[in-house]
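Remember, predicted model here, so these are calculated numbers, not experimental data. Just so we're on the same page: letters track the sequence lines, and every chain starts at 1.
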Number of protein chains: 2
Amino acid sequence: MKSSQPVRRRDAASTRNAILCAARNLFARDSYENVGIREIASLSGADAALVSRYFGSKEELFSEMLGHGDRGADIIGTAPEGLPGRVADIMTDPEDEGKSIEDILIILHSANSPVAGPLVQNSIVERFHGPFAEAIGGEHAMVRSQMFGAMLLGLSISQQISGDLADTPEMREKVKARIAEIIAKVISPL
Amino acid sequence: MKSSQPVRRRDAASTRNAILCAARNLFARDSYENVGIREIASLSGADAALVSRYFGSKEELFSEMLGHGDRGADIIGTAPEGLPGRVADIMTDPEDEGKSIEDILIILHSANSPVAGPLVQNSIVERFHGPFAEAIGGEHAMVRSQMFGAMLLGLSISQQISGDLADTPEMREKVKARIAEIIAKVISPL
DNA sequence: CTAATAAGTCATCACCTGTTGACTTGTGCT
DNA sequence: AGCACAAGTCAACAGGTGATGACTTATTAG
């Protein structure tokens, strides 16, 4: 058995997990450089020294965190026909505080970091472009996947910079329709 | 007169300018946090103390640098009809090492910085979305400008992450054509 | 030529970062 | 109960950052 008692105050596995989750939350809001180990430790309720101890270094923690997310499967799992509508929904959802696009935000914030950038880039190719290109199929699927990713990143960063594109419900519908059109064109056979 | 001698080794104005240019180069390659004052000073050939002295602080230097660029006028100055082609050209130019999209790279790298982010965002609205929305005209020009900006940023960051979209000349033509189509749709009346 | 002032340099400060080693405390086994 | 080891804590380190004030050197005006 893993645990004879349901509650343990000292549990390395769950502490590790708490640190990983805290890291994910923070790295979605700020860049690799701007998130400190002490900050991660504080949010997870652990000590800063434990972070270095469990993961070796900040870089290894970041790397492990990248492989810890399930999302993105949302988009990859959506059938190509439904994709434009799904993306348009996600991108115009006013409630979403970066929950369903957490992976995108992580990419956005650390893709250009000297140390975290390469890790992010590898993760994108392996965990997104690869599967997604296969999902949409057709000729030049990789290039089309890259352009699709460009759209996602662009819309997200624009949202971060200028806020939501639409303010009124009617406007939101118009924007949503347009995004869907564009996405459809982006992933259409080249 | 400003200068009786054409050559002065000690010239505050040109030193200031050199610092500004060095800062622009470096901030186009890395984020606000990752570019150090000593690095800027070194590239400009000046002393690190002069940077703080002339501009007060790193933040003020960054702010002044934002207003120091002429580019972006390239895109704003292009007539709406020629815009899709122009953007497609810029985005698929294999030679361009971020020269003509220097402003975009600066935005990309520091838009999310806690300290430089707000400055970048203001600059974008004032120096880009404002003029550009007026240039394309029509209904909801501001929203269309934002989506246009999203495309530019997305394509640029994707290029930074995955390298050039196309590797062969034929592929490049196809990609170019597709980008032009998409841009046309993005800025078309909503 | 010389004195005054601007321009540039140097050393140093206070702060923050990731990381480490030594220490303390809790937990499960016998 | 008592011991052993894992889990968590604390303080400190070395390195790097932006910023400052005192110093030196070049330039120009008188």
Side-chain angles (χ1 to χ4, degrees), chain A residues 1-23 26-27 29-65 109-110 113-117 119, chain B residues 1-23 26-27 29-65 109-110 113-117 119:
Chain A
M1 317 228 187
K2 274 182 182 171
S3 62
S4 49
Q5 315 275 342
V7 174
R8 290 203 301 174
R9 272 116 58 121
R10 283 189 160 196
D11 182 348
S14 69
T15 300
R16 242 187 88 100
N17 201 57
I19 292 172
L20 232 28
C21 291
L26 292 173
F27 283 131
R29 299 189 201 289
D30 234 318
S31 74
Y32 180 81
E33 284 78 19
N34 281 336
V35 175
I37 282 195
R38 286 167 178 83
E39 200 181 346
I40 296 173
S42 166
L43 181 63
S44 73
D47 190 276
L50 275 187
V51 177
S52 284
R53 188 177 315 240
Y54 282 160
F55 297 93
S57 70
K58 185 184 178 183
E59 185 174 355
E60 290 174 88
L61 164 62
F62 187 85
S63 180
E64 197 156 329
M65 176 219 66
H109 286 116
S110 296
S113 158
V115 36
L119 300 172
Chain B
M1 316 232 187
K2 274 182 183 172
S3 62
S4 48
Q5 316 276 341
V7 173
R8 291 203 299 174
R9 273 123 54 127
R10 285 189 160 195
D11 182 348
S14 70
T15 300
R16 243 187 87 101
N17 201 56
I19 292 172
L20 232 29
C21 290
L26 292 172
F27 283 131
R29 298 189 201 290
D30 235 318
S31 72
Y32 179 80
E33 284 77 19
N34 281 336
V35 175
I37 282 194
R38 286 167 179 83
E39 201 181 345
I40 296 172
S42 168
L43 180 64
S44 73
D47 189 275
L50 274 188
V51 178
S52 287
R53 167 116 75 195
Y54 282 162
F55 297 92
S57 70
K58 186 184 179 184
E59 185 173 353
E60 288 174 89
L61 163 62
F62 186 85
S63 178
E64 196 156 330
M65 176 219 65
H109 285 115
S110 297
S113 157
V115 34
L119 299 172

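Formation of a donor-acceptor pair under 3.5 Å by the B:Ser57 side chain with backbone atoms of B:Glu60 is found in this model. Listed for the B:Ser44 side chain is no donor-acceptor partner under 3.5 Å among the backbone atoms of B:Ala22. Proximity of a side-chain donor or acceptor of A:Tyr54 to a complementary backbone N or O of A:Leu61 within less than 3.5 Å is not detected. Panel note: side chain A:Tyr32, backbone A:Glu59; a donor-acceptor pair is recorded below 3.5 Å. The closest donor-acceptor contact from the side chain of B:Thr15 to the backbone of B:Asp11 lies under 3.5 Å.
As rounded to whole Å, 15 Å separates atom P of D:dA7 from atom CG of A:Asn17. The distance between atom CG of A:Asn34 and atom P of C:dG18, rounded to the nearest whole Å, is 10 Å. Here D:dA6 presents its C1' atom at 15 Å from CZ of A:Arg16, a figure rounded to the nearest Å. In this structure, B:Ile19 places its CD1 atom 13 Å from C1' of C:dT9, rounding to the nearest Å. Rounded to whole Å, the distance from CG on B:Leu50 to P on C:dA11 is 16 Å. Regarding B:Asp47, its CG atom lies at a distance of 13 Å from the C1' atom of D:dT25, rounded to whole Å.
Among the protein residues, A:Phe55 comes within range of no part of the nucleic acid, since none of its heavy atoms lies under 4.0 Å from any strand.
The two residues B:Met65 and B:Phe27 make their nearest non-hydrogen contact at SD-CD1, 3.4 Å. Scanning all heavy atoms of the two residues, the minimum distance from B:Ile37 to B:Val51 falls at CG2-CB, 3.9 Å.
Under the 4.5 Å side-chain criterion, counting only non-hydrogen atoms from C-beta, B:Phe62 is not in contact with B:Val115.
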Please produce a list of atom pairs where a protein N or O lies less than 3.5 Å from an N or O of nucleotides 16-20 of chain D.
| residue | atom | partner | partner atom | Å |
| --- | --- | --- | --- | --- |
| D:dG18 | OP1 | B:Lys58 | NZ | 2.8 |
| D:dG18 | OP2 | B:Ile37 | N | 2.9 |
| D:dG18 | N7 | B:Arg38 | NH1 | 2.9 |
| D:dG18 | N7 | B:Arg38 | NH2 | 3.4 |
| D:dG18 | O6 | B:Arg38 | NH2 | 3.2 |
| D:dA19 | OP2 | B:Lys58 | N | 2.8 |
| D:dA19 | N6 | B:Arg38 | NH2 | 3.4 |

Give me, pair by pair, the N or O atoms of the protein and of nucleotides 3-6 of chain C that are less than 3.5 Å apart, along with how far apart they are.
none

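At the phosphate of C:dA7, neither OP1 nor OP2 sits under 4.0 Å from any side-chain N or O atom of B:Tyr54.
The neighbour count for B:Arg29 CZ, taken as heavy atoms of other residues, nucleotides or ligands under 6.0 Å away, does not exceed 12.
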